[in-house]
K.L.:
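The structure under discussion is supplied below as structure tokens; questions concerning it will follow.
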Amino acid sequence: MEVRGMGNRVHEAWKEIRDEVLRSQRETGVTEPVEAVKAPNEELGHLGFPAFSLARQLRRNPNDIAAELAGRIRTGGILRSVTTAKGYVNLFLDEERLANTVLAEIFESQERFAAGGAAVPGTWLVEYSSPNTNKPLHLGHIRNNLLGMGVSRLAEYYGHNVVKVNLVNDRGIHICKTMLAYGKWGAGSTPQSAGVKGDHFVGEFYVRFDREFRKELAAYAEATGTRPEEDGFFNGPSNLGREARDLLLKWEQGDPQTLSLWKRMNEWVLDGFRKTYERMGCRFDLTQFESDTWRFGRQLVEEGVEKGVFSQREDGAVVLDVARIDPALSGEKVLLRSDGTSVYMTQDIGTAARRVDQFFPDRLIYVVGDEQNYHFKLLFGILDLLRPGTGQRCHHLAYGMVRLPEGRMKSREGTVVDADDLMDELHALAREEVLTRAREGHAHAGGVDDRELGERSERIAQAALKFFVFRFTPKKSFEYDPKQSIDFAGQTGPYCLYAYARTRSLVRKSGTEPRFDATLVPLLALPSERVLVRQLFELPLVVEKSAETLDPSKIAEYAFNLAASFARMFNDRDYPIVTCEEARLRSARVMLAAGVGITLKTTLGLLGIDVLEEM
RNA sequence: ACGCCUGUAGCUCAGUUGGAUAGAGCAGCGGACUUCUAAUCCGCAGGUCAGAGGUUCGAAUCCUCUCAGGCGUGCCA
């Protein structure tokens, strides 16, 4: 059923514009219509589209076509007038009508005013976070978590059902290394006894294992005068390596003592993760554990052999000729080892199939770093071979890694930015800022009690962190610059919070929470006010593009631009808002400011940023 | 070696299903506070869009090559 824009004034206005643009092109004989986009400046128009590509389609002069299109577009509704210029058709909107439409909808629907644009609402399954239970979360996980939550919120806002899944990697050799280190050097301590957050507590043993292993490797190299590779040493002469592998074997055989330790340590880590997730605002509808899912997929792979999709090698391994997925690829991908055991890919095939069976998702989105591009290309290809159509519904939201000024983050080398530490650091800095303002006697910073101080500092810190991460388009890697990330001026979360707080300050000073009043709309005629109205009107398009491209950075950009436009209006002393002497003009401007505030709250909310009433 | 990604202002980034004069922030310089919250605003300056060809009415955007950086090409995850 078509639900786009049902009963929503803003969506209907957009539909009206799009329909006119499309209809005019269809009636002119265009088969591949173009959409109207924002014009470069207001003198030319509010929206416009070029006729050049249409000219080619129709083998006619662009200016003639532009003129004909302009003649066919009906004005009188939200469209005020149409002009042509240099082969472009330019549209001017009826700004008073526009302000009416936008503000009426904002005050009625509040934060949902641009919601529900999806033409065909569906179910999206989003897998994100997916940590290993052997060390705390770092900045890379923060990016993953924020992207996962951001895309999920966007999809929901756009009108989809979303199932958020965390696939926790709680088994394997790396877990056993940590368990072994704890057994050897943990001395029975616990996070409680050590007074350390569970994930950090366990993480220390992961680091400890690596340190001891390197010592062992160095000693071996010294004694034998050789320079063995780490992997080779681990799987060969290393005692620690042998012990860790033994532990993995015991785990797989269900040894009660091993399982008991494993459960206890995992619980410590997960307890730590829960706190970090909670602090960041991460939620999941389903948490899967690889200790449960790692056997999935074997049956599908065996069926694949029967179907002739995969083949069994002489050594017993089941493999795929990757050229079946893409003729440009060559080689084999092992799906079952020669000893019959599963690999990572086997499991992913199984979990994907089960997710499809359980949730019937229209899209499966995997939020995973771009170093796994090849893996997902193969996975989706395999799914299409086994169950045609399944792989097509999958999408790898590949994001670039976060680099440090010194280079790549390596947890074993200790060159990571810990998630909890980073948030603590930002919190402390925000607290300093608030206190500085209180000392300097700022009206809104004085008299905050400890609880309020903590709350403000935390929201500012979270806003700074989240905005900093969301500023980058996902596919790009970025360098984490500590100095820039803690900057609270410029294109930042705190800047947006500040703008919102000022809208609220105006509302408080006006005495009442504004309601929509159509008779005030004609008073909003200043250029700065009209810019704001048009920006508010654009939100549905931004949401659409952002949701469809899985790119929350567009929302961050929008929020910042809206905040900046508001700051401009706010700073113009020639046109005061709440101190305006004419009562009706005052009300009109406060109404607009409040509408901007609601929209800032909406868009920041999509990024998981909570606003502040005062700053 | 091959594959994928990236290269835009001094720095960090937008803009890339080909469209109108390539935009922000930071840093720099110069202005605006008896504040509707200066965590703000205004102005100035800053560009061979990595380079070279090509496609066309039109290229930061598409194609080819080159250069630089990152990642990948496991019976690891």
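Labels below follow one simple rule: chain letters A, B, ... track the order of the sequence lines, proteins then strands, and each chain is numbered from 1. Just so it is clear, the structure is predicted and the values come from calculations on it, not from any experiment.
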K.L.:
Report the residue from A:Phe376, A:Tyr374, A:Tyr128 that forms a ring pair (Phe, Tyr, Trp, His ring centres under 6.0 Å) with A:His396.
P.N.:
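One option only clears the test, and that one is A:Phe376.
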K.L.:
Nearest to the A:Leu506 side chain among B:C36, B:A39, B:U40, which nucleotide is it?
P.N.:
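Looking only at heavy atoms from C-beta outward on A:Leu506, the closest nucleotide is B:C36.
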K.L.:
Under 4.0 Å between a Lys/Arg side-chain N and an Asp/Glu carboxylate O for A:Arg431 and A:Glu458?
P.N.:
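No, this pair does not count.
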K.L.:
Quick check: on RNA chain B, is the nucleotide nearest A:Leu44 upstream (toward 5') of the one nearest A:Glu557, or the reverse? Name the residue that is more 5'.
P.N.:
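Its nearest nucleotide lies further toward 5', so the answer is A:Glu557.
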K.L.:
Should the pair A:Arg504-A:Glu613 be classified as a salt bridge under the 4.0 Å nitrogen-to-oxygen rule?
P.N.:
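Yes, A:Arg504 and A:Glu613 are salt-bridged.
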K.L.:
May I ask you to say what A:Ala501 touches in the nucleic acid, namely base, sugar-phosphate or nothing, with a heavy-atom cut-off under 4.0 Å?
P.N.:
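Base contact - A:Ala501 has a heavy atom under 4.0 Å of at least one base atom.
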K.L.:
Establish whether the base of B:A14 is bridged to the side chain of A:Arg471 by a donor-acceptor pair shorter than 3.5 Å.
P.N.:
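Side chain to base: no pair below 3.5 Å.
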K.L.:
Could you write nucleotides 27-34 of chain B as a row of B, S and -, 5' to 3', where a protein heavy atom under 4.0 Å of any base atom gives B, of only sugar-phosphate atoms gives S, and otherwise -?
P.N.:
--------
K.L.:
Heavy atoms from C-beta onward define the side chain here; which of B:A20, B:C36, B:U8 lies closest to that of A:Lys476?
P.N.:
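Output: B:U8.
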K.L.:
So what does A:Tyr498 hit on the nucleic acid, given a heavy-atom distance under 4.0 Å: a base, only sugar-phosphate, or nothing?
P.N.:
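Result for A:Tyr498 = base.
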K.L.:
Just how far, in rounded Å, is C1' of B:C4 from NE2 of A:His396?
P.N.:
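Checked: the NE2 to C1' distance equals 12 Å.
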K.L.:
Report which part of the nucleic acid A:Tyr495 touches: base, sugar-phosphate, or nothing (heavy-atom distance under 4.0 Å, all strands).
P.N.:
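Sugar-phosphate, backbone atoms only, no base.
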K.L.:
Less than 4.0 angstrom from a charged side-chain N to a carboxylate O is my criterion; do A:Arg456 and A:Glu614 meet it?
P.N.:
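Result for this pair is yes, salt bridge flagged.
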K.L.:
So, does the side chain of A:Asp551 form a donor-acceptor pair with the base of B:A14 at under 3.5 Å?
P.N.:
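A donor-acceptor contact between them is absent.
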K.L.:
Could you tell me whether A:Arg313 and A:Asp315 have a side-chain N and a carboxylate O separated by less than 4.0 Å?
P.N.:
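A salt bridge is present here (some side-chain N lies under 4.0 Å from a carboxylate O).
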K.L.:
A:Phe470 CZ to B:A24 P: how many Å, rounded?
P.N.:
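Those two atoms, CZ and P, are 25 Å apart.
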K.L.:
Tell me which one of A:Asp170, A:Asn266, A:Thr178, A:Asn169 satisfies side chain to side chain donor-acceptor pair (under 3.5 Å) with A:Thr133.
P.N.:
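Going through the options one by one, the only one that passes is A:Asn266.
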K.L.:
Please evaluate the base of B:C36 for a donor-acceptor partner in the side chain of A:Ser505 within a cut-off of under 3.5 Å?
P.N.:
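It does not, because no donor-acceptor pair links the side chain of A:Ser505 to the base of B:C36 below 3.5 Å.
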K.L.:
How is A:Asp339 classified with respect to the nucleic acid when contacts are heavy atoms under 4.0 Å: base, sugar-phosphate, or nothing?
P.N.:
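Touches nothing.
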K.L.:
Using a 3.5 Å cut-off on both pairing distances, which stems of three or more Watson-Crick or G-U pairs include RNA chain B?
P.N.:
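Output for stems: B:1-7 with B:67-73, B:10-13 with B:23-26, B:28-32 with B:40-44, B:50-54 with B:62-66.
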K.L.:
Quick one: which of A:Glu557, A:Glu538, A:Gln535 gives a side chain to side chain contact (heavy atoms under 4.5 Å, CB included) with A:Leu562?
P.N.:
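When A:Glu557, A:Glu538, A:Gln535 are each tested with A:Leu562, the side chain to side chain contact (heavy atoms under 4.5 Å, CB included) holds only for A:Gln535.
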K.L.:
Inspect the contact between A:Glu548 and A:Lys554 and indicate whether a charged nitrogen and a carboxylate oxygen are less than 4.0 angstrom apart.
P.N.:
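Result for this pair is no, no salt bridge flagged.
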K.L.:
Would A:Lys86 and A:Phe52 count as a cation-pi pair here, with the cationic atom under 6.0 angstrom from the ring centre and within 45° of the axis?
P.N.:
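No, cation not above the ring by the 6.0 Å, 45° rule.
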K.L.:
In this structure, how many angstroms lie between the C1' atom of B:G18 and the CZ atom of A:Arg56, rounded?
P.N.:
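Distance check: A:Arg56 CZ to B:G18 C1' gives 10 Å.
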K.L.:
Assign A:Tyr374 to base, sugar-phosphate, or nothing according to its heavy-atom contacts below 4.0 angstrom with the strands shown.
P.N.:
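Since only primed, P, OP1 and OP2 atoms lie under 4.0 Å of A:Tyr374, the category is sugar-phosphate.
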